[in-house]
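So the structure is just underneath, and the comments pick up after that.
Please read these numbers as outputs of a predicted model, since none were measured by experiment.
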Amino acid sequence: MSTPTRHHDGSAALLTGRAAAVALAAILTASFMELLDATIVSVAAPAIARDLGAGQAALQWMMAGYTLAVGAGLITGGRLGDLYGRRRVFLLGLAAFMLASAGCGLAPSPGALVGMRVVQGLAGGLMIPQVFGIIRASFEPGARARALGAYGAVLGLASVAGPLLGGLLVEADLFGLGWRAIFWVNVPIAVAALAAGARFMPESRSPGRTRLDLAGAALAAAATTLLLLPLIQGREWGWPWWGFAVLALSVPVGALFLLRQRGLTGRGGQPILDPALLRVRAFAGGLAVSVLFFGAIGSFFLLLSLYLQLGAGRSAMETGLVILPYAVGSIVTSGIGVRFAHRAVLVGGTLLLAASQVVLLLMVGDGAEPAYWELAVPLFAGGLGLGLTAPSLINVVLAGVPARDAGAAGGVLTTITQIGNALGVAVLGGVFFARLDGSPRDGASGLLAYGDALASILPWQVACYVAAAALMFLLPRNART
């Protein structure tokens with residue numbers, strides 16, 4: 001069978017039969033790998049720290065650098081797919097992700113690993129925007145609905161598999177690789193997906209003329225980096241005056257980004273973010289909700305994993321099993337969250353997350369080690385709240401945005417969720433590690449120290465969820481049909 005070709009208008013030939021199944025498998029495999037790598041490192045973090053001598057800031061950058069790079073690459077990746085072909089950019093991103101995974105597996109130092117994680121994230125930012133474009137352009141309407149449903153299932157599967165697979169691979173010590181196996185496992189999977197995609201995936205691109213605002217993308221990335229760099233590194237630097245200067249510099253650089261976007265809009269160009277969208281109440285409220293909601297989630301699994309392994313002395317596999325109820329809970333309610341994409345459901349799910357953190361705070365704050373089932377109850381409840389909220393949050397926000405701007409607004413919102421995630425790792429991770437400074441970390445003292453550090457961030461997470469729930473009343477009542 002020959003590779004499907006594009007029609008004269010740039011749209012893809014519709015896939016059917018075996019070609020559709022294999023192309024979809026390639027798309028879902030790549031998506032699964034990207035989603036998996038967002039969570040799998042949290043369970044392996046203590047082993048990485050021991051092997052490479054990684055400090056606390058390096059552990060934060062392993063998480064924040066990846067999610068920030070994904071967010072920075074999403075809008076640019078989408079535009080590149082429109083310009084040069086979604087299949088081409090998807091396969092390029094997948095190949096880069098594979099090579100970066102190998103680089104992570106070979107990393108000789110914490111700095112090298114963080115650098116390769118950033119490259120991984122940028123590659124993911126190239127891949128993921130193409131997924132929806134390829135499905136929309138290459139599948140018949142009925143098959144398209146099934147493909148999107150399968151993508152949703154992959155989201156849930158990746159959330160379950162991340163902690164479990166991370167723990168299993170670290171414990172199994174395959175070929176003596178230890179934690180490095182969590183990255184090497186991507187290589188043969190990516191090779192198979194590349195072969196399938198190159199053989200069966202059709203090419204498609206936007207029929208209209210699209211231009212890439214590279215200067216705007218660079219300004220946005222610079223502003224975010226200037227904000228995060230001192231927040232993550234400041235404690236290790238000793239909070240010098242120039243660290244605060246770097247932090248303050250993020251404000252004028254961000255303002256310069258907005259001025260450029262306004263100028264592009266006035267000249268009839270295609271900005272990354274149309275400043276007029278910020279005057280739409282639902283969109284501005286949605287940006288604030290996304291930063292608070294995903295910021296609270298961002299650092300949670302990394303810090304919980306450190307508490308369970310370095311404080312409570314659990315193995316990587318046991319840690320994955322402790323986190324499993326959270327993932328199961330999110331799968332249980334994600335279908336409800338998608339089907340009833342209503343503001344009341346979002347508020348209820350967010351408050352349920354807040355309540356689960358309050359219960360967890362009462363358990364870890366007394367210095368005793370909670371039993372498995374004691375932890376499973378609040379974690380399962382938190383997963384239920386996440387499933388009610390996360391799958392439909394962006395859709396509800398977009399219901400208040402003019403239809404002509406929905407595509408651009410969706411890309412910006414998705415990027416903001418990644419930035420919020422990275423901010424959560426930076427800020428709440430900083431609070432956690434600052435509380436650990438100078439504390440004994442052996443035996444019962446270690447459990448007390450890590451329990452106290454985890455307890456120090458939980459009230460902040462609760463406050464973020466409660467504030468996000470309050471801001472959700474700025475959003476539309478429900479998503480568009």
>> So, using salt bridge (charged side-chain N to carboxylate O under 4.0 Å, His left out) as the criterion, who are the partners of D173 when residues are at least two apart?
In response: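 For D173, no residue satisfies salt bridge (charged side-chain N to carboxylate O under 4.0 Å, His left out) once neighbours in sequence are set aside.
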Roughly how far, to the nearest 0.5 Å, is [atom2] of [Y] from [atom1] of [X]?
X    : Y    : atom1 : atom2 : value
L59  : L113 : CG    : CG    : 9.5 Å
L177 : F183 : CG    : CZ    : 12.0 Å
L384 : I331 : CG    : CD1   : 11.5 Å
L324 : F380 : CG    : CZ    : 10.5 Å
L287 : T417 : CG    : OG1   : 10.5 Å
W184 : L169 : CH2   : CG    : 14.0 Å

Are any non-hydrogen side-chain atoms of [X] and [Y] less than 4.5 angstrom apart?
X    : Y    : answer
L226 : L247 : no
V425 : L228 : no
F293 : Y465 : yes
L258 : L278 : yes
V43  : V170 : no
M63  : S299 : no
L165 : I182 : no
L304 : L379 : yes

Over all atoms of both residues, closest heavy-atom pair of [X] and [Y]:
X    : Y    : answer
G285 : L475 : C-CD2, 4.2 Å
A30  : M127 : CB-SD, 3.8 Å
E171 : A316 : OE2-N, 3.2 Å
V253 : A222 : CG1-CB, 4.2 Å
P240 : G234 : CD-O, 4.5 Å
L302 : A45  : CD1-CB, 3.7 Å

N/O donor-acceptor pairs under 3.5 Å from side chains in residues 114-122, not counting sequence neighbours:
{"unit_1": "R117", "atom_1": "NE", "unit_2": "M62", "atom_2": "O", "d": "2.9"}
{"unit_1": "R117", "atom_1": "NH1", "unit_2": "D37", "atom_2": "O", "d": "3.1"}
{"unit_1": "R117", "atom_1": "NH1", "unit_2": "Q120", "atom_2": "OE1", "d": "3.2"}
{"unit_1": "R117", "atom_1": "NH2", "unit_2": "D37", "atom_2": "O", "d": "3.2"}
{"unit_1": "R117", "atom_1": "NH2", "unit_2": "M62", "atom_2": "O", "d": "3.1"}
{"unit_1": "Q120", "atom_1": "NE2", "unit_2": "D37", "atom_2": "OD2", "d": "2.8"}
{"unit_1": "Q120", "atom_1": "NE2", "unit_2": "S101", "atom_2": "OG", "d": "3.0"}

Judged by atom type as modelled, is there a donor-acceptor pair below 3.5 Å linking the side chain of [X] to the main-chain atoms of [Y]?
X    : Y    : result
R435 : D452 : no
Q357 : G382 : no
T389 : L386 : no
S250 : V246 : no
S305 : F301 : no
S109 : A112 : yes
Q461 : A296 : yes
R86  : P129 : no

> Angle class for the F97/Y66 ring planes (parallel below 30°, perpendicular above 60°, tilted otherwise)?
Replying inline: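 Ring orientation of F97 relative to Y66: perpendicular.
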>> For F473, is the CZ atom crowded, meaning more than 12 foreign heavy atoms sit under 6.0 Å from it?
In response: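 Atom CZ in F473 is not crowded, with 12 or fewer foreign heavy atoms closer than 6.0 Å.
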>> I'd like to know whether CH2 of W460 has more than 12 heavy-atom contacts from other residues, nucleotides or ligands below 6.0 angstrom.
In response: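 No, not enclosed.
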> For N478 and V396, what are the C-alpha separation, side-chain angles and deciding distance, and is it a side chain to side chain contact (heavy atoms under 4.5 Å, CB included)?
Replying inline: CA-CA 6 Å; N478 54 267; V396 173; 5.9 Å; no
>> Checking L436 against F432 for the side chain to side chain contact (heavy atoms under 4.5 Å, CB included) test, could you report, in this order, the C-alpha distance in whole Å, the side-chain angles of both residues, the deciding distance, and whether it holds?
In response: CA-CA 7 Å; L436 274 179; F432 179 92; 3.6 Å; yes
>> side chain to side chain contact (heavy atoms under 4.5 Å, CB included) for L393 and L413? Distances and angles first, verdict last.
In response: CA-CA 10 Å; L393 175 58; L413 273 168; over 6 Å; no
> Do R50 and L310 pass the side chain to side chain contact (heavy atoms under 4.5 Å, CB included) test, and can you show the C-alpha distance, the side-chain angles, and the key distance before you say yes or no?
Replying inline: CA-CA 11 Å; R50 286 192 298 268; L310 301 183; 4.0 Å; yes
